[in-house]
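Written below as structure tokens is the structure these notes are about.
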Amino acid sequence: MTYTPAPRDPKAPPIRINLLSDTQTRPTPAMREAMARAEVGDEQIGDDPTVNLLCERVADLLGKEAAVFMPSGTMCNVAATLVHCRPGDEILAHESAHVIAREGGAHAALGGFQITALTGADGQFTPETFRKALHPRTRYQAPQTVVSVEQTANIGGGTIWKKAALDDIVQIARVNNLATHMDGARLLNACVATGIAARDMAAGWDSAWIDFSKGLGAPIGGVIAGTRDFIDEVWRWKQRLGGSMRQAGICAAACIYALDHHVARLADDHANARALARGLSQIEGIAVQQPETNLVFFSPDGAGISGDDMVEALRKRGVLLAMMDGRIRACTHLDVTYGMIEETIGLVREIVRDA
């Protein structure tokens with residue numbers, strides 16, 4: 001077992017259609033131009049005007065007092081829990097949430113926190129499930145300090161938490177003195193799909209962040225927002241974790257460009273995901289979860305081919321996807337066209353026919 005990513009096999013066919021993740025997006029020429037023109041300074045001492053503008057924009061977008069630019073979404077989650085919790089505290093989150101399944105045990109390794117995994121369909125737990133998981137504060141059990149949700153729920157199929165459920169969870173948390181944290185990696189996908197403003201979706205949540213390196217198409221970064229006191233403490237952990245940067249305005253400019261040009265177009269990714277799901281569901285034996293945003297999960301087992309074999313067969317044809325949680329995940333984004341969707345459906349049909 002090695003942890004270092006293996007370089008791409010030079011003998012493999014070139015990738016023509018990249019459905020692996022929306023993290024695969026490349027900065028557009030216009031975004032690169034905005035980066036080249038960015039006014040910069042030393043971000044670590046608060047002297048980068050482009051970073052400062054980005055943080056002001058995101059704080060306003062999410063309806064919070066302040067925000068801070070971070071290198072990654074994982075660092076947003078980790079820094080947030082390090083501020084909200086103390087060693088030995090308990091975090092409550094869905095069993096498939098990113099904080100449990102995709103962050104290398106960072107919350108336990110760096111903070112000494114335990115995470116209680118809540119169950120529920122499509123990557124979401126209900127307010128009642130959350131309520132039932134709460135226990136009295138005694139010396140026999142870990143203090144329950146924060147509840148976390150992931151909007152959208154990635155492994156759940158890119159599903160959207162309903163606003164009413166989010167509000168109920170906030171109210172239960174307040175009554176029981178828990179902080180609330182929203183992993184908003186694809187929050188703007190949820191906002192575009194529902195028409196609910198980001199500040200309304202994040203209302204009542206003590207901390208929330210958005211990722212710029214997924215559907216928004218920037219090369220790097222996330223911005224986390226909350227009260228001024230909370231962000232002040234996040235800055236302390238950002239420094240400790242090595243997240244403070246220098247002339248980061250080059251990257252922040254890409255994020256600002258994304259806010260101005262790439263939010264509304266997320267609807268195109270959702271339309272392409274629906275088209276992909278529709279086409280796949282018409283192939284006998286393919287089981288498809290109908291998408292709510294830009295993620296399409298499907299299984300070809302009923303067509304007589306395993307998911308791993310399907311992924312390999314598509315890779316040989318220049319299409320990149322991956323297995324996730326026992327199913328194939330396809331992710332649409334700004335580098336995926338409708339023509340690519342049609343071609344992928346045709347290739348899957350061909351592979352099934354020849355299986």
- Item | Steps toward side chain to side chain contact (heavy atoms under 4.5 Å, CB included) verdict (C251, F69) | CA-CA 10 Å; C251 297; F69 187 37; 4.1 Å; yes
- Task: Starting from the C-alpha separation in whole Å, work towards a yes-or-no answer on salt bridge (Lys or Arg N to Asp or Glu O under 4.0 Å) for R265 and D269.
- Result: CA-CA 7 Å; R265 65 146 310 281; D269 300 338; 2.5 Å; yes
- Message: side chain to side chain donor-acceptor pair (under 3.5 Å), that's the test. Do E103 and H98 meet it? Break it down for me.
- Response: CA-CA 6 Å; E103 294 179 359; H98 205 274; 2.7 Å; yes
- Tell me, with the steps shown, if H181 and N77 meet side chain to side chain donor-acceptor pair (under 3.5 Å). CA-CA 8 Å; H181 173 68; N77 278 336; 2.8 Å; yes
- Evaluate the side chain to side chain contact (heavy atoms under 4.5 Å, CB included) criterion for residues L54 and L259: first the C-alpha distance (whole Å), next the side-chain angles of each, then the deciding distance (0.1 Å), finally the verdict. CA-CA 9 Å; L54 172 64; L259 286 177; 4.2 Å; yes
- Do M340 and N18 pass the side chain to side chain contact (heavy atoms under 4.5 Å, CB included) test, and can you show the C-alpha distance, the side-chain angles, and the key distance before you say yes or no? CA-CA 9 Å; M340 293 176 180; N18 193 331; over 6 Å; no
- Step by step, would you call S281 with F298 a side chain to side chain contact (heavy atoms under 4.5 Å, CB included)? CA-CA 9 Å; S281 65; F298 67 99; over 6 Å; no
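For E65 (side chain) and R228 (main-chain N/O), a donor-acceptor pair under 3.5 Å exists by modelled atom type. Within the 3.5 Å criterion, the main-chain N or O of Y338 finds no donor-acceptor partner in the side chain of E343. Side-chain atoms of Q151 come within 3.5 Å of backbone atoms of W161 as a donor-acceptor pair (strictly under, hydrogens ignored). Looking at E292, its side chain never comes within 3.5 Å of a backbone N or O of A190 through a donor-acceptor pair. Under a 3.5 Å cut-off, the side chain of D206 and the backbone N or O of T180 do form a donor-acceptor pair. Between the side chain of D183 and the backbone N or O of V149, no donor-acceptor pair lies under 3.5 Å. Looking at N176, its side chain does come within 3.5 Å of a backbone N or O of I172 through a donor-acceptor pair. For the pair Q24 (side chain) and L320 (backbone), a donor-acceptor distance under 3.5 Å is absent. In this structure, the side chain of R329 does not engage the main chain of F297 through any donor-acceptor pair within 3.5 Å. The backbone N or O of T23 lies less than 3.5 Å from no partner atom in the side chain of S213, so there is not a single donor-acceptor pair.
Judged by distance alone, the side chains of R137 and Q144 never bring a donor and an acceptor atom under 3.5 Å apart. Side-chain atoms of Q239 and S244 form a donor-acceptor pair, as typed in the model, at a separation below 3.5 Å. In this model, a donor atom of one side chain and an acceptor atom of the other lie less than 3.5 Å apart for H84 and S207. Remark: the D309 side chain and the S306 side chain contain an N/O donor-acceptor pair separated by less than 3.5 Å. Between the side chains of E90 and Q141, not a single donor N or O lies within less than 3.5 Å of an accepting N or O.
Crowding of Q290 atom CD: a count of heavy atoms from other residues, nucleotides or ligands under 6.0 Å exceeding 12. Crowding of R199 atom CZ: a count of heavy atoms from other residues, nucleotides or ligands under 6.0 Å exceeding 12. Counting heavy-atom neighbours within 6.0 Å of E284 CD, excluding the residue itself, gives a total of 12 or less. The environment of R26 atom CZ is sparse: at most 12 non-hydrogen atoms of other residues, nucleotides or ligands sit within 6.0 angstrom. Applying the 6.0 Å contact sphere to NZ of K163 captures more than 12 heavy atoms from other residues, nucleotides or ligands.
Residue M182 holds its CE atom at 12.0 Å from CD1 of I224, rounded to the nearest 0.5 Å. Atom CD of residue Q124 and atom OG1 of residue T119 lie 12.5 Å apart, to the nearest 0.5 angstrom. One finds the SG atom of C76 at 5.0 Å from the CE atom of M70 (value rounded to the nearest 0.5 Å). Put simply, CD1 on I169 and CD on Q171 are 11.5 Å apart, with the number rounded to the nearest 0.5 Å. A distance of 11.0 Å separates CE of M323 from CE of M310, quoted to the nearest 0.5 Å. The OG1 atom of T145 lies 9.0 Å from the CG atom of L92; values are rounded to the nearest 0.5 Å.
The hydrophobic cluster containing L347 also contains I286, counting ILVMFWY residues as joined when their side-chain heavy atoms lie under 4.5 angstrom apart, directly or transitively. Under the 4.5 Å side-chain heavy-atom criterion for grouping Ile, Leu, Val, Met, Phe, Trp and Tyr, V58 is connected to L187 within one hydrophobic cluster. Hydrophobic clustering (side-chain heavy atoms under 4.5 Å, transitive across Ile, Leu, Val, Met, Phe, Trp, Tyr) groups I328 together with L276. When the side chains of ILVMFWY residues are joined at heavy-atom separations under 4.5 Å, either directly or via intervening members, I160 and L61 end up in two distinct hydrophobic clusters. Under the 4.5 Å side-chain contact rule for hydrophobic residues, M31 and I220 do not share a cluster.
Using a cutoff of 4.0 Å between basic side-chain nitrogens and carboxylate oxygens, R236 and E233 are scored as salt-bridged. Ion pairing between a basic and an acidic side chain is recognised when a charged N comes within 4.0 Å of a carboxylate O; D48 and R246 show no such pairing. In this structure, R186 pairs ionically with D22, as a charged nitrogen and a carboxylate oxygen lie closer than 4.0 Å. Contact check on K64 versus D60 returns no salt bridge, with no Lys/Arg side-chain nitrogen under 4.0 Å from an Asp/Glu carboxylate oxygen. The existence of a salt bridge linking K214 and D211 is confirmed by a sub-4.0 Å separation between a basic side-chain nitrogen and an acidic carboxylate oxygen. Between D260 and R57, at least one side-chain nitrogen of the basic residue sits less than 4.0 Å from a carboxylate oxygen of the acidic one, meeting the salt-bridge criterion.
Between F113 and P87 the shortest heavy-atom distance is CE2-N, 3.8 Å. In this structure, W237 and V83 approach most closely via the heavy-atom pair CD1-CG2, 3.8 Å. Annotation for G88 and A142: closest pair O-CB, 3.2 Å, computed over non-hydrogen atoms. The two residues R16 and R317 have their closest heavy-atom pair at NH2-O, 2.6 Å. For the pair K11 and D9, the tightest heavy-atom approach, listed with the atom from each and the gap, is N-OD1, 2.9 Å. The minimum heavy-atom distance between I345 and G279, with the atom names listed, is CD1-CA, 3.6 Å.
Under the side-chain contact (heavy atoms from CB on, under 4.5 Å) test applied with L216, the options L334, N189, T25, V263 reduce to a single match, V263. A side-chain contact (heavy atoms from CB on, under 4.5 Å) with R174 is found for one member of L178, V170, N177 and no other, namely V170.
Considering only heavy atoms from C-beta on, V223 stays 4.5 Å or farther from C255 through its side chain.
Ring-plane geometry between Y257 and H262 is classed as perpendicular, the angle between the planes exceeding 60 degrees on a 0 to 90 degree scale with a lower cut at 30.
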